[in-house]
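To find a chain, count down the sequence lines: A is the first, B the second, and so on, and within it residues start at 1.
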Amino acid sequence: MGAKKKQGRQACCLQTMANDSSFLFSGIRFDRKRFGGDIAKFEKKESDHALNVSSLIEVEEVEPVGGKASAKKRKRKGTVSETVDGFNVFKKSKSAERPPKDGDKSVIEPVLKKEQNRQLERDALFRKKHNIHVSGYNVPSPLQNFNELSSRYKCEKYLLRNLVELGFREPTPIQRQAIPVLLHDRECFACAPTGSGKTLAFVCPMLMKLKDPSKNGVRAVVLCPTRELSSQTYRECKKMAKGKKFRIKLMTKELSRTGDFSKFPCDILISTPLRLRLAIKRKKVDLSRVEYLVLDESDKLFELGLFKQIDSIIKACSNPSIIRSLFSATLPDFVEDRARELMHDAVRVIVGRKNMASETIKQKLVFTGSEEGKLIAIRQSFAESWNPPVLVFVQSKERAKELHGELAYDNIRVDAIHSDLSQKEREDAVDNFRAGKTWVLIATDVVARGMDFKGVKCVINYDFPDSASAYIHRIGRSGRAGRAGEAITFYSEDDIPFLRNIANLMAASGCEVPSWLMELPKKKWKKHRPKRDSISTKPKE
DNA sequence: AAAAAAT
């Protein structure tokens, strides 16, 4: 009995590994005699899904390396850490722990088997071509094009029409893989660079899954870390749903206070965590029928402080068949750990490498000596290459106000955004920046994530970012959708200890980094960032 | 450590 259990688990591991493209070609020995029963059972189950091809069978076919060698190989190969991580995901996953039982002795048709193998091989090559890394058991084939949405998944006309009208021609890598995963009702955590189309990757399957508007209460929830981002996601969502009468609602202050969702039918609800939690507490919204939950910028949402709120929302979504998904450009290990506790049978989709800056951004470092030097440097930078609209990030609200005051005298249209402003002022700041009325927007990290300011060509980190992920997200406001972007990061004496972290990111995303930088000692981000001198040059009274 | 997230 015990032996049988062990066999099963082993089969399961192999399967997980075989799903990763790197494993398909590195080869794993699979003892068909021992696990034959398992395979047969899997194959039978999978034949119900026309598009899901069992990977177990594949394993036997590609078999040049000895069984023990495969473990060693795993340690050596570059892509491996991901695979090993991915494997761990399923070690904890309950359904993956439940391997098929012995006993089914049915024989598989050799022809079918061959075809399945070919499909798997095609998928692996295709993923490799688009730099998509997956782990998880039985990952659905990636999309070749958007037309497959209708040929494979019977997507309705309105959605295809909207895709064309909005200018989506070719799916991006994250869309190619995450959309089929979600359409197969699989939970998913996805990591892809900034500006690579993550929003569409979860909105599109969401609309397809919901099919039609209904009066069954809230059926889909999207959570975002800031109001600006939720309102942006709301707009994208409405654009994609054009032609269908879905009731899509943005959780505004008003709605969270007085809105009674049992009275307004609502299919899709987009909110920040606290507002939604407030509505739940006041029993204004019932999430027990939610079929689809998206945590956008999930690593931010999983940060301490926000996590507690998320947790209560996740619990309120009590529908057992709910499909949850996590999206972000950065996916630290602690988020994956928490995600594992949360999700079952999830597929992990990574485009490029985890926690990487977008490769379309030209990144520069500028030494400014002291705080005062920064003000000179930013003016100089404007004089040298005036490339508006420019987004300037500072460390705190106070500093945003100060810098705003300084630059306001310079005859440039400058504005600031931070959380001390009223909702209206924040909205106006974003709208004016988008409309080109504001040339330079000074911001705290409130708009560092997810915001899509299409025209932004240049991001200036006036204050050094607080973390690698803050850097990645900030500079990711430029260079979106494959366009070129520029990022300039100022650093003063005080920032030098943390410079190496940024240098590494720059080098990893293909930017030239002076060699002395790479020789700096490695140092972890400090909790206590240096206290910065005031920006203001005006004499103090 | 700051920012954001409710009123």
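Judged purely by atom type and a 3.5 angstrom limit, A/Asn504 has no side-chain atom pairing as donor or acceptor with the backbone of A/Asn501.
Heavy-atom minimum distance, A/Pro265 versus A/Lys215: CB-CG, 4.4 Å.
The CZ atom of A/Phe302 sits 19 Å away from the P atom of B/dA5 (whole-angstrom rounding). The distance from atom CZ of A/Arg449 to atom P of B/dA2 is 19 Å, rounded to the nearest whole Å. Nucleotide B/dA2 holds its P atom 19 Å from the CG atom of A/Asn461, rounded to whole Å. Separating the CZ atom of A/Phe307 from the P atom of B/dA3 is a distance of 24 Å, rounded to the nearest angstrom. Between the CG atom of A/Leu304 and the P atom of B/dA2 there is a distance of 15 Å, given to the nearest Å. To the nearest angstrom, P of B/dA5 lies 15 Å from CZ of A/Arg277. Following rounding to the nearest Å, A/Lys281 (NZ) and B/dA6 (C1') show an atom-to-atom distance of 10 Å. Here B/dA1 presents its C1' atom at 13 Å from NZ of A/Lys397, a figure rounded to the nearest Å.
Within 4.0 Å (heavy atoms only), A/Arg227 reaches sugar-phosphate atoms of the nucleic acid but no base atom. Within 4.0 Å of A/Lys253, counting heavy atoms only, lie sugar-phosphate atoms of the nucleic acid but no base atom. Using a 4.0 Å heavy-atom criterion, one finds that A/Pro225 contacts the sugar-phosphate atoms exclusively.
Cation-pi geometry between A/Arg399 and A/Tyr462 is not met at under 6.0 angstrom from the ring centre and within 45 degrees of the axis.
When the side-chain nitrogen and oxygen atoms of A/Arg282 are compared with OP1 and OP2 of B/dA6, none of them lie within a distance under 4.0 Å. Taking only side-chain nitrogens and oxygens, A/Ser396 never comes nearer than 4.0 Å to OP1 or OP2 of B/dA1. Distances shorter than 4.0 Å separate none of the side-chain N or O atoms of A/Arg474 from OP1 or OP2 on B/dA3.
A/Ser385 and A/Asn387 share no side-chain donor-acceptor pair at under 3.5 Å.
In the set B/dA6, B/dA1, B/dA3, B/dA1 carries the atom at the smallest distance from any side-chain atom of A/Asp466. Closest to the A/Thr226 side chain, of the nucleotides B/dA5, B/dT7, B/dA3, is B/dA5. The nucleotide whose nearest atom lies closest to any side-chain atom of A/Glu303 is, among B/dA5, B/dA3, B/dT7, B/dA3.
Test A/Lys242, A/Lys239, A/Glu236 against A/Leu166 for side chain to side chain contact (heavy atoms under 4.5 Å, CB included) and you get one pass: A/Lys239.
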